[in-house]
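To keep things clear, I will list the structure first and then write my remarks on it.
Small disclaimer: the values here were computed from a predicted structure and weren't measured. Start at 1 with the first residue, then count along the sequence.
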Amino acid sequence: MQLPRWWEPGDPCAWTGQGRGTRRMSPATTGTFLLTVYTIFSKVHSDRNVYPSAGVLFVHVLEREYFKGEFPPYPKPGEISNDPITFNTNLMGYPDRPGWLRYIQRTPYSDGVLYGSPTAENVGKPTIIEITAYNRRTFETARHNLIINIMSAEDFPLPYQAEFFIKNMNVEEMLASEVLGDFLGAVKNVWQPERLNAINITSALDRGGRVPLPINDMKEGVYVMVGADVPFSSCLREVENPQNQLRCSQEMEPVITCDKKFRTQFYIDWCKISLVDKTKQVSTYQEVIRGEGILPDGGEYKPPSDSLKSRDYYTDFLITLAVPSAVALVLFLILAYIMCCRREGVIQLVHHSAIQKSTKELRDMSKNREIAWPLSTLPVFHPVTGELIRPLHADSYESTNMPLMQTQQNLPHQTQIPQQQTTGKWYP
């Protein structure tokens with residue numbers, strides 16, 4: 001089990017290794033420290049207390065190994081448990097975390113990390129973070145509370161702050177205590193301050209950076225802000241000379257003499273370094289000069305008094321309803337007059353009736369007419385005797401229903417053609 005990771009970066013008594021190191025302390029404080037550790041361990045299954053300082057980087061690791069004990073083991077005894085576990089963190093009573101606190105977890109098989117820089121506004125106010133662990137195999141959950149008691153720093157904020165952009169690191173790699181300790185050690189060798197703290201760490205993606213391509217082990221990049229109590233060294237100010245500024249404008253690397261002290265482990269983009277001297281910062285407040293576009297000061301707002309005269313809205317109500325109703329009624333009457341009294345389709349109806357009557361008369365006449373049977377469909381000569389056949393009279397059939405060609409059964413004078421039988425005889 002791991003204690004909450006909080007330390008003062010740059011302190012020679014900082015945590016070492018994986019965060020399970022010890023701090024050197026006097027015998028007088030040994031008993032107090034052991035009592036504190038015992039209290040934290042006794043409450044580890046309910047609440048966990050941490051005590052960061054305002055303006056100093058705070059890091060807390062959510063270890064999967066610790067939360068595995070909250071879930072049942074694998075069905076097979078003796079099998080190594082490697083369940084995917086994810087975490088959800090939020091401020092108690094709210095859906096999200098405080099603005100200064102961030103959280104990152106790359107995969108369900110890696111630990112989660114809470115990190116950020118507490119602000120002075122939250123000093124003395126306990127911040128309770130609800131941590132919910134989800135087992136993605138069994139879909140079970142476990143919840144614990146992290147109580148962050150923010151303490152005031154002695155010299156907050158530090159007057160000299162420098163922000164470095166490290167290109168070959170991701171934020172979770174930089175948050176590791178040994179990696180951050182190595183970086184602060186390199187900065188301390190270059191800066192030579194008496195007090196050096198890591199103030200904040202920000203991923204390049206949170207600054208508008210692009211997600212790197214998954215080739216050549218490319219990293220996202222991370223911004224690390226540190227603060228010290230002494231002015232910047234000459235090496236850090238080399239980036240401000242005109243030659244290096246020109247090289248940065250041409251997207252070339254500036255020449256920094258102390259870069260070799262970082263190059264073994266950290267690739268720093270010196271063109272993106274930011275040096276802030278809070279001792280020389282002046283107030284940004286500017287007196288407003290009245291001129292065009294600025295309204296004169298009207299004094300304090302005076303709301304209307306309670307003794308207002310009552311107003312009758314009955315007349316306004318009638319006008320609002322009566323005028324549109326009258327207009328709608330007039331339009332309705334005009335439309336009714338046009339459709340009913342001024343119809344121009346009466347002549348068309350009379351004409352249509354005349355056409356319908358004429359059509360009916362023609363149909364009645366067509367039923368009584370006689371149609372001569374087409375001669376092309378009647379035999380002219382008898383196929384056997386050769387005698388002339390008299391055409392059929394049209395009166396014996398209804399001409400309107402007679403088909404153009406009749407079958408052999410309908411013809412009265414049709415002679416059957418002899419057909420060949422299978423026995424070899426002919427039958428008429």
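Aromatic ring centres of His144 and Tyr66: separated by under 6.0 Å. The aromatic ring centres of Phe164 and Phe183 sit less than 6.0 Å apart. For Phe67 and Phe87, the distance between ring centers is under 6.0 angstrom. Phe232 and Tyr160 have their aromatic ring centers within a separation under 6.0 angstrom.
Heavy atoms only, all atoms of each residue included: Asn189 and Lys261 are closest at O-NZ, 4.1 Å. Counting all heavy atoms, side chain and backbone alike, Lys167 lies closest to Glu253 at NZ-OE2, 4.3 Å. Listed here is the closest heavy atom pair of Asp229 and Arg195: OD1-N, 3.2 Å. Shown here for Ser110 and Arg64, the closest heavy-atom pair between the two residues is O-CD, 3.2 Å. Taking every heavy atom of both residues into account, Arg247 and Pro254 meet most closely at NE-CA, 4.0 Å. Considering all non-hydrogen atoms of both residues, Asp83 and Tyr109 come closest at C-CE2, 4.3 Å.
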Can Asn90 and Glu130 be said to form a side-chain hydrogen bond (donor to acceptor under 3.5 Å, both in side chains), step by step? CA-CA 5 Å; Asn90 63 281; Glu130 294 181 340; 3.2 Å; yes
Going through the distances and angles, do Asn149 and Ile147 end up as a side-chain contact (heavy atoms from CB on, under 4.5 Å)? CA-CA 6 Å; Asn149 303 281; Ile147 302 177; 3.8 Å; yes
Quick one: do Ile334 and Phe332 satisfy side-chain contact (heavy atoms from CB on, under 4.5 Å)? Show the steps, please. CA-CA 6 Å; Ile334 294 175; Phe332 176 77; over 6 Å; no
Would Ile128 and Leu146 count as a side-chain contact (heavy atoms from CB on, under 4.5 Å) here? Give the steps. CA-CA 6 Å; Ile128 303 177; Leu146 176 67; over 6 Å; no
For Met151 and Val123, run side-chain contact (heavy atoms from CB on, under 4.5 Å): C-alpha distance rounded to whole Å, both residues' side-chain angles, the deciding distance at 0.1 Å, then the answer. CA-CA 5 Å; Met151 305 172 63; Val123 172; 5.9 Å; no
Carefully, step by step, assess Asp259 and Trp270 under the rule side-chain hydrogen bond (donor to acceptor under 3.5 Å, both in side chains). CA-CA 9 Å; Asp259 181 58; Trp270 293 98; 2.7 Å; yes
Apply the test side-chain hydrogen bond (donor to acceptor under 3.5 Å, both in side chains) to residues Gln105 and Thr86: give CA-CA distance (whole Å), side-chain angles for both, the deciding distance (0.1 Å), then the verdict. CA-CA 8 Å; Gln105 183 185 17; Thr86 59; 5.4 Å; no
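Contact check for Lys68 versus Asn82: side-chain heavy atoms found under the 4.5 Å cut-off. The shortest distance between side-chain heavy atoms of Glu238 and Val255 does not fall below 4.5 Å. Contact annotation: the side chain of Leu184 approaches that of Val226 to within less than 4.5 Å [non-hydrogen atoms, C-beta and beyond]. Residues Ile131 and Leu62 are in side-chain contact: their nearest non-hydrogen atoms beyond the backbone lie under 4.5 Å apart. At a threshold of 4.5 Å between non-hydrogen side-chain atoms, the residues Arg48 and Asn145 do not count as touching. Here the side chains of Leu57 and Leu180 are in contact, with some heavy-atom distance below 4.5 Å. Within the 4.5 Å cutoff, no side-chain heavy atoms of Glu173 are placed close to those of Val179. For the pair Asp206/Tyr223, no side-chain contact is recorded, criterion being any heavy-atom separation below 4.5 Å from C-beta on.
Each of Ile166, Ile201, Val113 was scored for a side chain to side chain contact (heavy atoms under 4.5 Å, CB included) with Val171, with one residue passing: Ile201. Of the candidates Asn244, Val190, Leu236, Ile273, Asn244 is the only one forming a side chain to side chain contact (heavy atoms under 4.5 Å, CB included) with Ile256. Remark: of the listed residues His60, Arg97, Arg102, Arg97 is the sole one forming a side-chain hydrogen bond (donor to acceptor under 3.5 Å, both in side chains) with Thr89.
Within a 6.0 Å sphere centred on CD of Glu251, other residues, nucleotides and ligands contribute 12 heavy atoms or fewer.
Summarising the geometry, atom CG belonging to Asp111 is positioned 8.0 Å from atom CD belonging to Glu65; distances are rounded to the nearest 0.5 Å. Atom OH of residue Tyr115 and atom OG of residue Ser203 lie 6.0 Å apart, to the nearest 0.5 angstrom. Summarising the geometry, atom CG belonging to Leu101 is positioned 9.0 Å from atom CG belonging to Leu91; distances are rounded to the nearest 0.5 Å. Taken to the nearest 0.5 Å, the CZ atom of Phe139 stands 13.0 Å off from the OH atom of Tyr134. Atoms CG and CG, from Leu158 and Leu196 in turn, are 8.5 Å apart once rounded to the nearest 0.5 Å.
Looking at Glu172 and Lys219, no side-chain N of the basic residue comes within less than 4.0 Å of a carboxylate O on the acidic one, giving no salt bridge. Salt bridge Asp316/Arg311: present, at least one basic N to carboxylate O contact under 4.0 Å. Using a 4.0 Å cut-off between a side-chain N of Lys or Arg and a carboxylate O of Asp or Glu, Arg106 and Glu220 qualify as a salt bridge.
Under a 3.5 Å cut-off, the side chain of Asn168 and the backbone N or O of Gln265 do form a donor-acceptor pair. Under a 3.5 Å cut-off, the side chain of Ser117 and the backbone N or O of Ile199 do form a donor-acceptor pair.
A cation-pi arrangement, defined by a distance under 6.0 Å to the six-membered ring centre and an angle within 45 degrees of its axis, is present between Lys272 and Phe165.
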